[in-house]
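Each remark here refers to the structure printed beneath this line.
No experiment lies behind these values; they were computed from the predicted model shown. Each chain gets a letter, A, B and so on, in the order the sequences are listed, and its residues count up from 1.
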Amino acid sequence: MSRITFPFGPQHPVLPEGIQLSLTCEDEKVVEVRPVIGYMHRGIEKAAERNPYPNNVFLCERICGICSFIHALSYCQLVEELMKVEVPPRARYLRVVWSELSRMHSHLLWLGLLADSFGFESLFMQCWRARETVLDILEMTTGQRVIQSSCIVGGVRRDINADQARQVREMLNKVKTEIDAVLPVFQKDYTIKARTVGKGVLPKGQAWTLGAVGPMLRASGWAWDCRSLGYAAYGELGFEPVVENGGDSYARTMVRARELVQSYELVLRALDSMPEGELAVKVKGAPPAGEAIMRTEQPRGELFEYARGNGTQQLERLKIRTPTFANLPALLAMLPGCEIADVPVIVLSIDPCIACTER
Amino acid sequence: MGLVAKARVKSPWIVHYCCSSCNGCDIEILACLTPLYDVERFGVLNIGNPKHADLLVVTGPVNKRNVRVLENIYNQMPAPKLVMAVGACACTGGVFHNCYNILGGIDKVIPVNVYVPGCAARPEAIIDGVVLALDKLSKIK
């Protein structure tokens with residue numbers, strides 16, 4: 001059988017972002033995949049070395065517009081760890097609220113894109129309609145829809161007062177009603193099962209050895225979630241990772257669907273048990289000479305950050321390892337052997353964020 | 001206005017390319033297509049093929065790697081064509097203006113007709129930009 005190699009991307013209707021997968025096919029079967037990257041590289045890590053450390057929050061937020069709050073949160077926690085800053089309890093709870101709202105909008109966005117990838121357009125629209133209410137909540141509480149800029153080193157910039165908290169609860173209940181209408185379709189619909197069950201299988205052992213993170217790892221049977229480390233207020237809120245055992249695209253869909261409901265509950269619990277008090281402490285001085293690491297859980301998986309200070313206002317080094325970067329080897333292992341028609345679904349099932357990956 | 005020109009303004013087809021944006025503007029462009037904003041009611045259709053498109057919507061700054069891709073997409077579009085730069089990065093380079101891999105706003109590479117400001121640009125602003133572009137399109141004979 002003769003082989004043919006063709007490009008998937010960098011401009012492709014399924015992928016909103018620029019990455020190229022060079023697919024080698026025999027007939028309709030994919031036999032080899034080679035990723036061609038660099039289309040989204042900006043050089044944020046280097047730019048971060050030039051800015052004073054408080055300004056980097058806004059640069060880090062723009063690594064990715066979808067999980068922007070959690071990028072800001074990770075960077076702030078990293079610098080706080082380096083400078084030994086204690087964050088007020090109310091700020092830690094508010095950070096959980098916005099993190100989980102970000103996760104909700106990211107997962108709804110992903111569920112919609114997945115439905116779109118196999119042509120289920122009305123489901124795509126329904127998911128995105130539910131997402132708009134989450135964005136309304138974010139806009140009401142932080143002032144922006146997608147890039148919130150509400151996290152700073154030492155705490156947060158905005159508060160959610162009692163009146164807003166009541167409105168947030170009402171709006172979340174509306175979201176929950178819409179989610180409850182959408183999720184059974186993902187769980188039971190025949191066409192969705194036909195397109196996802198058994199597609200892109202990642203066995204438990206392989207998921208671990210290839211270093212997959214986040215929903216990828218949890219869909220392959222590992223209870224591994226950085227929120228279990230108890231950063232921000234997760235330790236006090238009680239958190240259990242969502243685990244599925246299928247290892248295929250369907251299991252990954254189910255993990256994200258269940259996490260959506262879990263995030264909804266976490267937001268409500270955080271709003272209920274939020275203590276009164278300060279929003280931020282004043283951070284003085286510069287990061288001392290030394291190193292720190294921070295691990296947080298993004299919607300796409302574990303985000304790892306490393307920083308080295310040298311006593312000046314600038315960081316000497318900032319290293320960011322994003323979840324999609326860790327998931328790419330697993331994607332390359334899943335694709336060979338699948339049909340061309342399944343490539344979009346399998347690529348989307350890792351929830352690729354190329355803007356994160358290439359920074 | 002001739003029949004073809006009239007039809008073009010009635011239903012412009014857009015092709016979206018993400019240069020090296022942070023995704024913030026991209027998801028806002030997608031949000032424009034979904035029920036709350038729903039630009040499809042104005043006949044705006046998002047398609048993947050640049051050869052079918054009247055309007056190129058670009059997000060993010062140009063970097064050294066994707067400059068060739070952007071030029072390719074632009075050159076593949078049939079005239080008359082318009083380019084819309086969405087977001088601060090696409091307009092000027094924005095927060096990434098001093099990154100080593102960034103050339104700047106997309107007007108360094110291809111001519112831009114409409115600039116939509118914002119970081120991230122709001123869906124309302126993007127729709128406003130499309131309307132502006134349509135106004136320019138209607139003046140092309």
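Electrostatic pairing of B:Arg65 and A:Glu358 does not count as a salt bridge here, judged by no charged N lying under 4.0 Å from a carboxylate O.
Not one N or O on the side chain of A:Glu132 forms a donor-acceptor pair closer than 3.5 Å with the backbone of B:Thr34. Side-chain atoms of B:Asn66 do not come within 3.5 Å of backbone N or O of A:Met40 as any donor-acceptor pair. Put simply, the side chain of B:Asn23 never gets that close to the backbone of A:Ile66: no donor and acceptor are under 3.5 Å apart.
Heavy-atom distances place no part of A:Gln148 under 4.5 Å from chain B, backbone and side chain included. Heavy atoms closer than 4.5 Å to chain A are found nowhere in B:Ile29, neither backbone nor side chain. Using a 4.5 Å cut-off between heavy atoms, A:Arg145 touches chain B through its side chain atoms alone. Looking at A:His105, the atoms closer than 4.5 Å to chain B (heavy atoms on both sides) all sit in the side chain, from C-beta outward.
Options B:Asn98, B:Ile102, B:Asp26 differ in how many heavy-atom pairs under 4.5 Å they form with chain A, and the most are formed by B:Asn98. Of the listed residues (B:Leu36, B:Ile27, B:Val15), the one with the most heavy-atom contacts under 4.5 Å to chain A is B:Ile27. Your options are B:Asn101, B:Thr59, B:Asp38, B:Val69, and the one with the most heavy-atom pairs under 4.5 Å with chain A is B:Asn101. No other option in A:Gly43, A:Gly112, A:Gly65 has as many heavy-atom pairs under 4.5 Å with chain B as A:Gly65.
To the nearest 0.5 Å, the span separating CZ on B:Phe96 from CD1 on A:Ile44 amounts to 4.0 Å. In this structure, CD on B:Glu28 lies 9.0 Å from CD1 on A:Ile147, to the nearest 0.5 angstrom. Taking CG of B:Leu70 as the reference point, atom OH of A:Tyr39 lies at 13.0 Å (rounded to 0.5 Å). To the nearest 0.5 angstrom, A:His71 atom NE2 is 9.5 Å from B:Cys22 atom SG. Of the inter-residue distances, the one linking A:Trp128 atom CH2 with B:Tyr37 atom OH reads 12.0 Å to the nearest 0.5 angstrom.
Pairing each heavy atom of B:Ala31 with each of A:Arg131, the nearest pair is CB-NH1, 4.4 Å. Minimum heavy-atom separation, B:Ala120 to A:Val146: CB-CG2, 3.4 Å. The two residues A:Arg62 and B:Cys119 come nearest to each other via the heavy atoms NE-SG, 2.9 Å.
Counting non-hydrogen atoms of other residues, nucleotides and ligands closer than 6.0 Å to CZ of B:Arg68 gives a total of 12 or fewer. When the shell of 6.0 Å around NZ of A:Lys319 is examined, it contains more than 12 heavy atoms from other residues, nucleotides or ligands.
The contact list for residues 46-55 of chain A toward chain B, using heavy atoms and a distance under 4.5 Å, reads A:Lys46, A:Ala47, A:Arg50 by residue number.
Considering only heavy atoms from C-beta on, A:Phe58 stays 4.5 Å or farther from B:Val95 through its side chain.
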